[in-house]
Engineer: 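I'd like to ask some things about the structure below.
Position 1 is the first residue of the sequence, and the numbers go up from there.
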Amino acid sequence: IFTSLNPRPDIYCVILRAENRCFSAGHDLKEAGIRSKTEPDFRARVNPTINASFDAVYRCRVPVVAAVHGHVIGMGFAYASLCDVVVASEDATFNFPEISVDTVGGPFWLKRVVPDKVARYHFYTAKAFTAEEMERWGFLHKIVPKEQLFDAAMEVAKEIAKNYPP
């Protein structure tokens, strides 16, 4: 979807959001671990698709505003970190639980958004960040009640769109 936006001159900002219980519970790491053992080419088949989707968000021609709520875990956290601005609901929690399922990947993304020592602690303990903590580290633009999340993200998108294209 993101790559299809790039040629459109009528789009000035995009909101990345989810409608269910959470923004993203991430990739099923246990399933991926099992499939990697039973299907030797599993990661070789899946990783290019994952990397292409990350790249599409990161290289989107227009600014991307993430509207996150509930769990923002693993790949969901990675997607949010690729966005230009992040607005969160009060119930948002952020986590890279990879260490608890014998895999890695979170440190790369965590170090993009919080200081190194903070990233290391949270990665090694698999402890989630609250929305307030992420706002304190500068990752979040603002925190709002869940029922106001989309409107708050839309307000930010409209503010950005007024100045776009530069």
Side-chain angles (χ1 to χ4, degrees), residues 1-20 22-29 31-32 36 42-89 92-99 101 103-116 118-120 122-123 126 128-129 131 133-144 149-150 152-166:
I1 293 174
F2 278 87
T3 54
S4 70
L5 301 174
N6 288 337
R8 302 244 339 244
D10 59 321
I11 296 176
Y12 301 120
C13 190
V14 176
I15 297 174
L16 177 61
R17 69 184 185 130
E19 298 235 349
N20 291 319
C22 66
F23 177 72
S24 174
H27 187 58
D28 187 337
L29 296 174
E31 174 71 15
S36 292
F42 176 74
R43 290 194 192 277
R45 286 185 291 114
V46 173
N47 285 350
T49 303
I50 293 169
N51 292 337
S53 68
F54 285 157
D55 192 58
V57 174
Y58 184 71
R59 295 187 189 285
C60 187
R61 180 187 61 80
V62 298
V64 180
V65 176
V68 302
H69 67 283
H71 297 297
V72 185
I73 299 175
M75 285 178 60
F77 196 160
Y79 279 111
S81 77
L82 292 168
C83 294
D84 298 290
V85 178
V86 183
V87 178
S89 65
T93 58
F94 303 80
N95 195 9
F96 280 103
E98 283 99 328
I99 194 106
V101 291
T103 189
V104 293
F108 172 80
W109 300 103
L110 277 174
K111 288 181 176 186
R112 288 175 55 95
V113 298
V114 298
D116 180 64
V118 174
R120 289 172 187 243
H122 282 268
F123 175 73
F129 291 91
E133 289 171 311
M134 293 307 288
E135 184 179 44
R136 185 171 63 237
W137 295 118
F139 180 68
L140 299 178
H141 173 65
K142 68 168 68 172
I143 301 171
V144 298
L149 181 60
F150 181 72
M154 184 60 77
E155 182 180 306
V156 171
K158 286 178 180 177
E159 186 178 2
I160 291 169
K162 278 192 250 180
N163 296 305
Y164 203 86

Engineer: Under 30°, 30 to 60°, or over 60°: which ring-plane class applies to F77 and F96, parallel, tilted or perpendicular?
Structural biologist: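 Parallel, since the angle between the ring planes stays under 30°.
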Engineer: Main chain of I73, side chain of N95: is a donor-acceptor contact present, judged purely on distance under 3.5 Å?
Structural biologist: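 It does not hold such a pair.
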Engineer: Taking atom CG of D84 and atom NE2 of H141, what is their separation to the nearest 0.5 Å?
Structural biologist: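 Separation between the atoms: 12.5 Å.
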Engineer: Ignoring hydrogens, what is the shortest heavy-atom contact between K142 and E135? Give both atom names and the distance.
Structural biologist: CA-OE2, 4.0 Å
Engineer: State, to 0.1 Å, how close C83 and V57 come at their nearest heavy-atom pair, and which atoms those are.
Structural biologist: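 Nearest heavy atoms, C83 then V57: SG-CG1, 4.2 Å.
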Engineer: Measuring from atom CZ of R136 to atom CG of L140, what distance do you get when rounded to the nearest 0.5 angstrom?
Structural biologist: 11.5 Å
Engineer: Within the 4.5 Å heavy-atom criterion, are N6 and C60 side-chain neighbours or not?
Structural biologist: yes
Engineer: Can you check whether R8's main-chain N or O pairs, donor with acceptor, with R61's side chain at less than 3.5 Å?
Structural biologist: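 Pair found, side chain donor or acceptor close to backbone of R8.
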Engineer: Test side chain to side chain contact (heavy atoms under 4.5 Å, CB included) on L82 and V64 and set out the steps.
Structural biologist: CA-CA 8 Å; L82 292 168; V64 180; over 6 Å; no
Engineer: To check you understand the geometry: which heavy-atom pair defines the closest contact between T3 and A56, and what is its length?
Structural biologist: CG2-CB, 3.8 Å
Engineer: Classify the ring geometry between F139 and F94 as parallel (under 30°), tilted (30 to 60°) or perpendicular (over 60°).
Structural biologist: perpendicular
Engineer: If you compare all heavy atoms of Y12 against all heavy atoms of A161, which two are closest, and at what distance to 0.1 Å?
Structural biologist: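 Taking Y12 first and A161 second, the nearest heavy atoms are CB-CB, 3.8 Å.
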Engineer: Nearest 0.5 Å please: distance from the CZ atom of F54 over to the CE atom of M75.
Structural biologist: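 Taking CZ in F54 and CE in M75, the distance rounds to 4.5 Å.
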Engineer: Apply side chain to side chain contact (heavy atoms under 4.5 Å, CB included) to residues M134 and V113 and explain how you reach the verdict.
Structural biologist: CA-CA 8 Å; M134 293 307 288; V113 298; 4.1 Å; yes
Engineer: Going by heavy atoms in the side chains, are Y79 and V72 under 4.5 Å from each other?
Structural biologist: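 No, every pair of side-chain atoms sits at 4.5 Å or beyond.
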Engineer: Hey, are the side chains of V65 and C13 touching, using non-hydrogen atoms and a 4.5 Å cut-off?
Structural biologist: yes
Engineer: What closest approach, in Å, do I160 and P63 show between heavy atoms, and which atom pair accounts for it?
Structural biologist: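 Looking at all heavy atoms of both residues, the closest pair is CG2-CG, 3.6 Å.
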Engineer: Is there a side chain to side chain contact (heavy atoms under 4.5 Å, CB included) between F129 and L110? Walk through the geometry before answering.
Structural biologist: CA-CA 11 Å; F129 291 91; L110 277 174; 3.5 Å; yes
Engineer: Nearest 0.5 Å, what's the NE2-OG1 distance between H71 and T93?
Structural biologist: 5.0 Å
Engineer: Provide the closest heavy-atom pair for A78 versus S81 in the form atom of the first, atom of the second, distance.
Structural biologist: O-OG, 2.8 Å
Engineer: Tell me if a side-chain donor or acceptor on H69 pairs with a main-chain N or O of N20 at a distance below 3.5 Å.
Structural biologist: yes
Engineer: Run the side chain to side chain contact (heavy atoms under 4.5 Å, CB included) check on S89 and I143 step by step: do they pass?
Structural biologist: CA-CA 5 Å; S89 65; I143 301 171; over 6 Å; no
